[in-house]
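One structure is given below, encoded as structure tokens.
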There are 2 protein chains.
Amino acid sequence: MQPKGFLFKTMRRDVFQAIADPTRREIINMIAQQPLNVNAVAENFEVSRTAIYKHIKMLTECGLVVITQFGRERFCEARLERLTEVIDWAEQYRKIWTERLESLENFLDTPESPRKKPARKK
Amino acid sequence: MQPKGFLFKTMRRDVFQAIADPTRREIINMIAQQPLNVNAVAENFEVSRTAIYKHIKMLTECGLVVITQFGRERFCEARLERLTEVIDWAEQYRKIWTERLESLENFLDTPESPRKKPARKK
DNA sequence: ATATAATGCAACCTTAGGGTTTCATAAATA
DNA sequence: TATTTATGAAACCCTAAGGTTGCATTATAT
């Protein structure tokens with residue numbers, strides 16, 4: 001058996017996983033400009049408040065959202081610094097796909113170059 | 001009932017979903033430099049070839065990988081252009097978190113500024 | 001003191017995700 | 001031709017995701 005409470009507090013959820021769900025990306029977009037309380041967020045969706053609450057909780061578990069209580073309301077605030085992990089990961093491949101595109105353009109721009117065909121089985 | 005075959009061909013899987021799994025990100029990293037056949041990819045993981053094959057299939061469904069057959073081998077090649085969607089999405093929020101950091105620095109750099117406390121209940 | 005609002009959380013349901021084993025098939029080889 | 005090799009796909013399994021309803025709790029408003 002796993003010590004769930006312990007894991008819950010320490011395990012920082014994968015940010016890639018957190019942004020995989022389109023609803024969570026919408027939530028992020030919704031509170032990116034200004035904090036909203038949980039109900040205000042939930043009102044913008046078709047699904048139940050509880051469903052939205054779970055999404056928000058997941059976002060807090062990976063640090064993309066922090067919740068601050070004022071009276072009986074809890075405001076959800078976006079802390080998007082960890083999106084740099086995503087950007088950095090994807091950005092490292094950019095030169096690969098741009099180089100590929102460039103070499104394709106060079107290839108097409110050379111009129112006398114024979115069009116290669118994929119290897120034929122014989 | 002859904003026309004599954006039809007959906008399968010048309011529904012381009014969400015690229016955010018595709019990169020959510022760490023194994024799939026590893027696969028992408030593995031074939032980013034040069035194509036590898038399915039078995040060669042699978043050899044680098046603990047899990048079964050079939051499991052890796054499924055991951056590769058998901059990656060092809062969202063256009064991040066293309067498969068080309070040579071003889072009995074099928075080579076998996078990374079086509080990472082669609083990662084721009086991820087970068088663009090995350091990048092739009094960068095100014096928000098950098099502005100927040102800057103204003104925090106400004107706040108801390110002003111010695112006479114009183115430290116605000118969260119609203120107290122009375 | 002009560003009623004209502006805003007939330008957290010437990011219990012439950014359904015489906016997709018990730019994994020395995022097994023079998024079928026096409027291509028390369030002994 | 002017989003046999004490996006490389007792969008696709010079906011049949012299952014188990015768990016996490018995402019959703020719902022209902023209840024408990026705390027703060028605000030009557």
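Throughout, protein chains are lettered first and strands after them, A, B, ... in sequence-line order, and every chain is numbered starting at 1. Note that the coordinates shown come from a computational prediction; the quantities given were computed from them, not determined experimentally.
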(message) So which atom in B:R82 and which in B:C62 form the shortest heavy-atom distance, rounded to 0.1 Å?
(response) NH1-O, 2.7 Å
(message) Using whole Å, what does the distance between atom C1' of nucleotide C:dG17 and atom NZ of B:K57 come to?
(response) 13 Å
(request) Check each residue of residues 39-49 of chain B for a non-hydrogen atom within less than 4.0 Å of any atom in DNA chain C, then write out the ones that pass by number, or none. (result) B:V47, B:S48
(request) Can you figure out which of C:dC9, C:dG17, D:dT7 approaches the side chain of B:R74 most closely? (result) D:dT7
(request) Find which nucleotide of DNA chain D each of A:G71 and A:T50 is nearest to by heavy atoms, and output the residue with the more 5' nucleotide. (result) A:T50
(request) Figure out the CZ/C1' separation between A:F75 and C:dA5, and round it to whole Å. (result) 13 Å
(request) Return the value, rounded to whole Å, for the distance between atom OH of B:Y53 and atom C1' of C:dA24. (result) 13 Å
(request) Could you tell me which residues satisfy ring pair (Phe, Tyr, Trp, His ring centres under 6.0 Å) with A:W97, sequence neighbours excluded, listed by chain and number? (result) none
(message) Both A:Q17 and A:N37 contact DNA chain C. Which one's nearest nucleotide lies toward the 5' end?
(response) A:N37
(request) List for me each residue that meets salt bridge (charged side-chain N to carboxylate O under 4.0 Å, His left out) alongside A:R25, sequence neighbours excluded, and say none if there are none. (result) B:D14
(message) Would the base of C:dG19 count as contacting B:K54 through its side chain, where contact means a donor and an acceptor less than 3.5 Å apart?
(response) yes
(message) Rounded to whole Å, please give me the gap between CD1 in A:I52 and C1' in C:dG8.
(response) 15 Å
(request) Could you state the atom-to-atom distance from CD1 of B:I56 to P of C:dG19 in whole Å? (result) 12 Å
(request) Quick one: closest heavy-atom pair of A:V86 and A:F16, and the distance? (result) CA-CZ, 3.8 Å
(request) Using atom CG of A:D14 as one end and atom P of D:dA17 as the other, report the distance to the nearest whole Å. (result) 11 Å
(message) In the structure I gave you, are the side-chain heavy atoms of B:R74 and B:N37 within less than 4.5 Å of one another anywhere?
(response) no
(request) Ignoring backbone atoms, test whether B:H55 places a side-chain nitrogen or oxygen under 4.0 Å from the OP1 or OP2 oxygen of C:dG17. (result) no
(message) If you only use heavy atoms from C-beta on, which nucleotide in C:dG18, C:dC9, D:dG18 is closest to the side chain of A:D21?
(response) D:dG18
(request) For A:D21 and A:T23, work out which heavy atoms get closest and say how close. (result) OD1-N, 2.8 Å
(message) Expressed as a whole number of angstroms, how long is the span from A:F70:CZ to C:dT7:C1'?
(response) 16 Å
(request) Give a yes or no answer on whether the side chain of A:R24 reaches the backbone of A:A18 with a donor-acceptor pair at less than 3.5 Å. (result) yes
(message) Looking only at the side chain of A:R24 (C-beta and beyond, no hydrogens), which of the listed nucleotides D:dA9, D:dG18, D:dG19 gets closest?
(response) D:dG18
(message) In this structure, how many angstroms lie between the P atom of C:dG8 and the CZ atom of A:R72, rounded?
(response) 14 Å
